[in-house]
Asks: 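My questions all concern the structure below.
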Amino acid sequence: MSMGYVPIRNILPNVSPNMVYEVILTTKSRDGEVDAAPMGLKFLDDNLSRFLLRIYKETKTYKNLIEKRVGVVNITRDPAVFVKYLMKDKDKYLREEIEGSEVVDAARLKNAEAYIEFTVKNIYDEVSLANFHCLVVKAYEGVKIIKPYSRAEYALIELVVNISKVEPYLKEGLELSELFNAIAYCLKVIKKTATGTVIDDYSKILLSSLSENSSSLLKQHLLQSGIHLK
Ligand SMILES: Cc1cc2nc3c(=O)[nH]c(=O)nc-3n(C[C@H](O)[C@H](O)[C@H](O)COP(=O)(O)O)c2cc1C
């Protein structure tokens, strides 16, 4: 029996167009290779039919969206997923956690809480990134996960965001101390609220993903804040 068309507003009744949401985007290359990466998204209208992605040109996601002009927004609040798909060696996770999408040719993550399949309508170019204006093709629910609020989980997501900025900041010669302070704060929250847990393990995996140069700069900074990393 067909479920018929369900408006995206019914799937995401509490989502606001005035906020940036962090999601996992799944895309495919022209050759059929699947990619997943954390990206920010902002809806452009009240009924959530259109949204904006601002994507740096050096990413695989940018290349795939240019090539195929379709993708899937995977909605999840699991911070481990954000860690995994920021890693350089994310292929091992992709192999286990990807399945076919319903309408567009892009694949999706298993176990997301909801999905938005989309096409790219317009691309507005800037120097180092492009603005992709996207149209929702189909939105639907995935696996419902009920979990109480945990400071450690949100600190881990903030940690992923901050770690993802370290190499670009270094490349552009930007001041790192504010970013390093934010990383120190996230690590302190995780230490206080989730030692010896999966969250703790993922924060270590994340730190180990930095280049030798940025890792040693960060370690020096963290030592000054009383955090000793092995
Ligand atoms: C929560 C989060 C949000 C991010 N949002 C964006 C974004 O909006 N645009 C972007 O270009 N990169 C963003 N990034 C960085 C990309 O995820 C990162 O460059 C990633 O390695 C790109 O992977 P890819 O090369 O497989 O596309 C974000 C990272 C995190 C952790």
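Just so you know, these numbers use all the heavy atoms, side chains as well, and skip hydrogens, waters and symmetry mates. All ligand and atom numbering here is 1-based and tracks the order in the structure. In this chain, numbering begins with 1 at the start of the sequence shown. In this text the structure is predicted, and so the values were computed from the model without any measurement.
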Asks: Run the side-chain donor-acceptor check on residues 9-19: report pairs under 3.5 Å with partners two or more places apart or on a different chain.
Replies:
unit_1 : atom_1 : unit_2 : atom_2 : d
Arg9   : NE     : Asp46  : O      : 3.1
Arg9   : NH1    : Leu12  : O      : 3.0
Arg9   : NH1    : Pro13  : O      : 3.4
Arg9   : NH1    : Val15  : O      : 3.0
Arg9   : NH2    : Val15  : O      : 2.9
Arg9   : NH2    : Asp46  : O      : 3.1
Ser16  : OG     : Asn18  : N      : 2.9

Asks: Before we go on, tell me: are the rings of Phe118 and Phe51 under 6.0 Å apart, centre to centre?
Replies: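 Yes, close enough.
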Asks: Less than 3.5 Å apart, which donor and acceptor atoms pair up between the side chains of residues 126-139 and the rest of the protein, not counting sequence neighbours?
Replies:
unit_1 : atom_1 : unit_2 : atom_2 : d
Glu126 : OE2    : Arg54  : NH1    : 3.1
Glu126 : OE2    : Asn131 : ND2    : 2.9
Asn131 : OD1    : Arg54  : NH1    : 2.7
Asn131 : ND2    : Tyr124 : O      : 3.4
Lys138 : NZ     : Glu102 : OE1    : 2.6

Asks: Please give the N or O to N or O pairs under 3.5 Å between ligand 1 and the protein, distances rounded to 0.1 Å.
Replies:
unit_1   : atom_1 : unit_2 : atom_2 : d
ligand 1 : 5 (N)  : Gly40  : N      : 3.2
ligand 1 : 8 (O)  : Gly40  : N      : 3.0
ligand 1 : 8 (O)  : Arg54  : O      : 3.4
ligand 1 : 9 (N)  : Arg54  : O      : 2.8
ligand 1 : 11 (O) : Tyr56  : N      : 2.8
ligand 1 : 14 (N) : Pro38  : O      : 3.4
ligand 1 : 17 (O) : Pro38  : O      : 2.6
ligand 1 : 23 (O) : Lys90  : NZ     : 3.4
ligand 1 : 25 (O) : Lys60  : N      : 2.8
ligand 1 : 26 (O) : Asp35  : OD1    : 3.0
ligand 1 : 26 (O) : Asp35  : OD2    : 2.7
ligand 1 : 26 (O) : Lys90  : NZ     : 2.7
ligand 1 : 27 (O) : Asp35  : OD2    : 3.3
ligand 1 : 27 (O) : Lys60  : N      : 3.2
ligand 1 : 27 (O) : Thr61  : N      : 2.9
ligand 1 : 27 (O) : Thr61  : OG1    : 2.5

Asks: Does any donor atom in the side chain of Glu167 or Ser214 lie under 3.5 Å from an acceptor atom in the other side chain?
Replies: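 Side-chain D/A pair, Glu167 to Ser214: present.
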Asks: Applying salt bridge (charged side-chain N to carboxylate O under 4.0 Å, His left out), name anything that partners Glu117, two or more places apart in sequence or on another chain.
Replies: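 Not a single residue meets the salt bridge (charged side-chain N to carboxylate O under 4.0 Å, His left out) criterion with Glu117.
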Asks: Is Glu153 paired with Arg77 through a side-chain N to carboxylate O contact shorter than 4.0 Å?
Replies: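 So Arg77 does not pair with Glu153 through a salt bridge.
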